[in-house]
Amino acid sequence: MSERDDEEREFDLKWADRAEHKEPSARARMLAARWKENPPGPVPFRADPDHRGSSRRSSWVSTAVVLGCVAAVIVLLGYINFRPY
């Protein structure tokens, strides 16, 4: 075979996109088989507004806890390294 034949046989993305039939992935086949007998129910696009408001308070609490722990570690390290002469 010459190099010219190799170039003609080279497969690239354009060649794959022009394919008439594309086989679905294994996950797509599995979900299609599962959903044939038991289709999934509707799922809301966004979460309920009540749930989102409560998570904001918890994020402030968790931020305060983290900053408090960092401050405690800094004070503890400063106390350990403090040596009066």
Which of Val65, Val61, Leu67, Val66 passes side chain to side chain contact (heavy atoms under 4.5 Å, CB included) with Thr63? It is Leu67
Result for side chain to side chain contact (heavy atoms under 4.5 Å, CB included) between Val73 and one of Leu77, Val70, Leu76 points to Leu77
For Ala28, the side-chain contact (heavy atoms from CB on, under 4.5 Å) test, sequence neighbours excluded, returns Pro24, Ser25
Salt bridge (Lys or Arg N to Asp or Glu O under 4.0 Å) filter on Arg29, not counting sequence neighbours, yields Glu23
